[in-house]
Amino acid sequence: MPNETLTVTDNRTGLNYTLPLFRGNIRATDLRQIRTGPDDFGVMSYDPAFLNTACCQSSITYIDGDKGVLCYRGYPIEALAETCSFLEVAHLLLFGHLPEADELKDWDDKIRQHALVHENVKKFMDGFHHDAHPMGMLVSTLAALSTFYPSARHVKDPGERDLQVLRLVAKVPTIAAYAYRHSLGLPYVYPDDTLGYAENFMSMLWKRTELKYNVNPVLAKALNILFILHADHEQNCGTTAMRSVGSSLPDPYVTAAAAAAALSGPLHGGANEEVLHMLDEIGSVENIPAYIAKVKAGEFRLMGFGHRVYKNYDPRARIIKQTAEQVFAISGRNPKLDIALELEKIALEDPYFVQRKLYPNVDFYSGIIYQAMGFSTDMFTVLFAIPRMVGWLAQWQEMLEDSEQKIARPRQIYVGETQPAPVGV
Ligand code: SDX
């Protein structure tokens with residue numbers, strides 16, 4: 001396109017500046033030349049919470065928030081959820097292509113080999129209180145893994161990175177299952193390397209005294225779909241933590257712990273747990289109007305609704321809603337779904353939500369399925385973190401391989417006091 005530039009006039013000085021456009025955007029550092037004199041630092045961009053700031057170039061995930069489009073490496077999420085296993089999608093996100101049959105077998109075999117954790121991890125997890133929140137156990141144990149693999153700090157070594165990526169993808173379900181078993185006071189169940197990724201996770205969660213866990217294929221398929229939908233979502237809060245913490249070059253274990261900590265917040269991945277608390281509080285369809293009135297009065301937010309990027313229906317929520325029926329055919333219908341469906345219907349017709357383009361997001365229906373599958377509410381965000389580990393690691397690797405990236409260190413606008421130097425200094 002001709003003349004990829006902006007011309008800016010500084011009305012304080014009358015000077016004009018021509019700023020080059022990079023892929024249709026300006027580089028914030030190009031603003032620094034706009035100054036009122038030699039002592040002026042120059043113009044910065046001011047963007048609290050990064051509402052309109054790109055921190056990187058990425059080829060991993062594309063979202064069109066207005067159209068409700070989500071693609072991983074260019075493939076529409078609907079096609080991937082319909083035709084792939086989670087490990088195939090994990091391979092796509094991490095290595096940039098869907099695996100051929102031999103690649104998938106090799107990838108699957110390696111994941112199965114690395115699913116075990118060091119026995120001392122169990123001792124570490126035994127130290128948690130009986131009612132410790134599983135997300136707190138996951139975040140802490142991810143960081144603790146850093147002490148088992150000291151070579152992981154060589155993050156510039158591609159071979160070392162590949163090994164740690166393999167370990168984290170393979171071990172995060174094991175740690176999650178151990179946290180769940182600990183919360184129930186049940187013995188840990190070792191990984192079963194004859195089972196696939198989702199099936200093995202179900203075995204580690206729900207196997208009792210039987211010799212081999214009998215996997216329900218419908219629930220395994222539903223878990224695969226849920227894992228695919230949660231795998232990555234470009235520069236969300238947790239991924240931004242992964243990139244920002246990762247930019248100072250610590251090992252991927254403590255970096256992933258930081259990302260998981262960000263995910264645990266109720267405005268982010270913690271929302272799926274909050275949705276169930278909200279549905280419990282509403283209690284019945286008859287109570288919805290009164291609850292909505294309190295939301296509109298600003299007393300609290302409608303959890304599972306709204307999104308920084310989607311100003312249309314979250315495509316993931318649509319697929320989850322469809323998947324719910326398959327799970328309920330096995331588990332029995334979760335009565336909370338009726339409240340959720342009516343809540344969605346009322347909200348989508350209410351001007352307050354319509355004007356603000358608030359639609360159900362990924363968290364609105366996921367918790368209802370998880371609860372129907374038998375998960376306790378406090379496990380819901382852990383179920384988000386397991387697949388999102390793949391997205392965090394893909395984004396982390398992309399950041400490390402990006403020659404433009406360096407340690408993240410934003411600027412600020414100082415608005416504090418300026419005190420005179422103490423007398424005698
Ligand atoms: C995830 O970023 C990602 O990609 C995240 C995620 C991923 O895959 O990684 O998609 C996963 O985190 C999904 C979001 C889960 N969170 C929730 O469901 C919590 C409830 N939703 C919100 O708090 C909110 O919608 C956010 C945090 C998701 C987005 O908030 P924004 O973009 O900062 O929007 P905002 O707070 O500026 O709100 C704009 C307006 C405000 O009203 P006004 O001040 O203009 O009058 O919309 C209102 C808000 O009050 N609003 C809501 C609302 N969300 C926004 N009002 C009621 N209920 C809500 N849920």
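Whatever order the structure lists ligands and atoms in, that order sets their numbers, starting from 1. Along the sequence shown, residues are numbered consecutively beginning with 1.
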Worksheet entry | Pi-cation contact, F305 with R301 (under 6.0 Å, within 45°) | no
Fill in: Residue pairs involving residues 215-231 (criterion side-chain hydrogen bond (donor to acceptor under 3.5 Å, both in side chains); sequence neighbours excluded)
none
Worksheet entry | Neighbouring residues of ligand 1, heavy-atom cut-off under 4.0 Å | H233, N236, P266, L267, H268, A271, V295, R301, L302, M303, G304, F305, G306, H307, R308, R316, Y352, R356, L358, N361, D363, F384, R388
Worksheet entry | K122, NZ atom: more than 12 neighbouring heavy atoms under 6.0 Å | yes
Discussion item. Between the side chains of E100 and K105, is the shortest nitrogen-to-carboxylate-oxygen separation below 4.0 Å, so that they form an ion pair?
Written reply: no
Worksheet item: Is the cationic atom of R27 (NZ for Lys, CZ for Arg) positioned less than 6.0 Å from the six-membered ring centroid of F22 and within 45 degrees of its normal?
Response: yes
Worksheet item: Would you call R35 and D10 a salt bridge, taking side-chain N to carboxylate O under 4.0 Å as the test?
Response: no
